[in-house]
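Both backbone and side-chain heavy atoms feed into the values below; hydrogens, waters and symmetry mates do not. For ligands, and for the atoms within them, numbers begin at 1 and follow the listed sequence.
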Amino acid sequence: MTAAKKPVRRSQAWFGRNDRDGFVHRSWIKNQGYPHDLLDGRPVIGICNTWSELTPCNGHFRELAEFVKRGVYEAGGFPLEFPVMSLGETQLRPTAMLFRNLASMDVEESIRGNPIDGVVLLMGCDKTTPALLMGAASCDLPTIGLSGGPMLNGKFRGKDIGSGTGVWQMSEMVRAGEMSMQEFTEAESCMHRSKGSCMTMGTASTMASMVEALGMALPENAAIPAADTRRNRLAQLTGRRIVEMVNEDLRMSKILTRQAFENAIRTNAAIGGSTNAVIHLLAVAGRIGIELKLDDWDKLGSQIPCLVDLQPSGRFLMEDFYYAGGLPAVLREIRHLLNLDAPTVNGKTIGENIAEAPCWNREVIRPLAEPFKDKAGIAIVKGNLAPNGAVIKPSAASEHLLKHRGRAVVFENIEEFHAKIDDDELDVDETCILVLKNCGPRGYPGMAEVGNMPLPPKVLKKGFTDMVRISDARMSGTAYGTVVLHTSPEAAAGGPLALVKNGDMIELDVPARRLHLEVSDEELARRRAAWQAPEVPKRGWYKLYVDHVQQAHLGADLDFLVGGSGAPVPRDSH
Ligand code: FES
C-alpha cells in the first residue's frame, strides 16, 4: 500500500526550498522565535487584521487575533498575523468609502504576495468587511470571516441608546431646542461604553450578518457582543476551522455562489439591514464572478418582511438580538425562502446550521406570521431622474411619504446644504423634496453618508420628523427616513440629478418603483447643454479613484479591480 501523498502547500514555495531563497524566507521569519518545524508544510494561516486605534470599532482586534491563533495552533496550522489598511467610519475623511477599494487592493496583494495557504479575515467597522471580502475574493484561497462583534447597548439616563441612530435623534432634538448641548455631550460616553462595532442594525451589524448569511463565517458570527467571552471562543473555533478548510481546499468560490448571494439579500430584508449592503454585495459578487444586479435586490428581497425590532427601524439593539437567538433564529424563521443547500465555511449547509436554531424572545425576533414590518426589503426606484436606479429602504421610511409629489429644494453640494438648511429664509416646507447633488462616487469623491440630510429647523419645529430626500449619496446604516439614495448615474457623472432646479416637481412612487422629474425632455436637453462637469482631482489615490470608479448600481468598485486573479505563487523576490 502506498502512503497518501502529503499535499504541497502554497507556502512551501517559500518555506519548503533547499536553496538560498528558502534560507532567506525561513531565516527572517525565525527572528520572531518560531521553531523550524512550524515551517514543515503545515497550513500557514494569514490573519488579516484591520486593528487600528483610529478604527475604534476594531480596537480589540489584536486581542481577538490571539484567540484565532490558539485555534490555528490547536488544529496543526501556523498562524501569521498581518495588518491591512483599516477604515474607521467615524474618523476617516472625506468618507471611509473612498478607501474601501484601496483597502481591498492592500488585502488582495498582501495575501497573494505572501506565504499564505488560508486566510482569516478580521472585520468590524463598516467598510472593513466589504474591503476584506473583496480583496480575498480576488485571490480565492480558503478563507473564513470573523467579525469583531457589536458593542454593548448604549445606556443614557436609564434608557438604551443606539449607535448612530441616537445621534441623529438627539442632534435633531438639539436643533429643535429640546435638548441642551451639555446633555448631548454627556451622552457621548454613555452611547459607546464598550469595545465593538455599532450596536444598532447599522452597516457593521448588517455586514456581519451578510457574512454569516453568505456562509462565510461560523454560525452566531453576526451578533455575539464584542465584550462577551463567547466572541473569543468563536475566534478560537474560527482558527481551528480555517486549518481544516485548507486541508479540504474549501475556497471562497465554493461558498460564494449565486445561491449564497440570494440568501444574503433575503436575509438583509428580514433583519431590516442597511442600504450599504447593496453596494458592498454587488462589489463582492463582481470580484468572485457572480452575476448580481441592482434589480436582484428588489426582485429577491423587497417582498420579504422585517422580523427584527432593532434600531434604526425599531426599538432593540444587537445585544438584545444576540440574547434572542441572533441571526440563526432569523434564518430559521425564513428558511423556506432560503437556498438551504448553500454550503458554508463549517462544511455544513446553511440549512443544517439553522435547523435547530432557537428563538428566546419573540419581541425582538418576530415570527414570520407576525412580522415587525411587512415587505421591508430594499426597493429600487427608476425613472428619468435615476435611469440606472436608486435605492430606498421602506422599513426605515414613513409610510405616508412612500407615494409623494413635491417641490424640489436643491443643494448643489453638501457645503451649500449646511450653509442654507438652518436659514429661516429658506423657501421650504414639509411637503418639499430636498435634493442633494454631487455626493456620489465621483462627486464627493467616495459617495459619502450624507443622504439622510437633517431637516430644516422650521419644519422640525412644526413637529414634522420626516421629509422625502433624494441624493446620489449613501446614508449611514444607522439612519432612517424617507431617503432615496445611490441615484445613478450620479450628478458629477452627468446624471439627470445634475439637472434638477429649485421649484421642479418630483414624483416618488415607491409602490410603482418610480422616480420622476416633471420636466420636459426638451428642457432637460437645454439644461444638459449648459451643464458643466465639476473639476476632478489631479493626483494620487483621489485621481485614480475618480478616473476608474464605477457607478453605484454596479457596486462602485474600480473598473480594473472587478474579477480576480487567483493566488498563483509570484516569481522570486531575490
Ligand atoms: Fe464603526 Fe459604526 S462606526 S461600526
A.B. asks: If you draw a sphere of radius 2.8 Å around atom 2 (Fe) of ligand 1, how many protein N/O/S atoms end up strictly inside it?
C.D. replies: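 Excluding waters, the total comes to 1.
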
A.B. asks: Do S274 and T203 get their side chains close enough for a donor-acceptor pair, meaning under 3.5 Å?
C.D. replies: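 Yes, side-chain donor-acceptor contact under 3.5 Å.
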
A.B. asks: For the residue pair S163 / H192, report whether a side-chain donor-acceptor contact shorter than 3.5 Å exists.
C.D. replies: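 Checked: H192/S163 side chains pair up, N/O donor to acceptor below 3.5 Å.
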
A.B. asks: Do N49 and E81 get their side chains close enough for a donor-acceptor pair, meaning under 3.5 Å?
C.D. replies: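 There is such a pair (donor and acceptor under 3.5 Å, judged by atom type) between the side chains of N49 and E81.
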
A.B. asks: Would you say the side chains of R287 and S104 form a donor-acceptor pair under 3.5 Å?
C.D. replies: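 Checked: R287/S104 side chains pair up, N/O donor to acceptor below 3.5 Å.
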
A.B. asks: In terms of side-chain heavy atoms, does E449 have a donor or acceptor partner in N276 at a distance below 3.5 Å?
C.D. replies: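 Side-chain D/A pair, E449 to N276: present.
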
A.B. asks: If we count only N and O atoms by modelled type, under 3.5 Å, do the side chains of N346 and N353 hold a donor and an acceptor together?
C.D. replies: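 Yes, side-chain donor-acceptor contact under 3.5 Å.
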
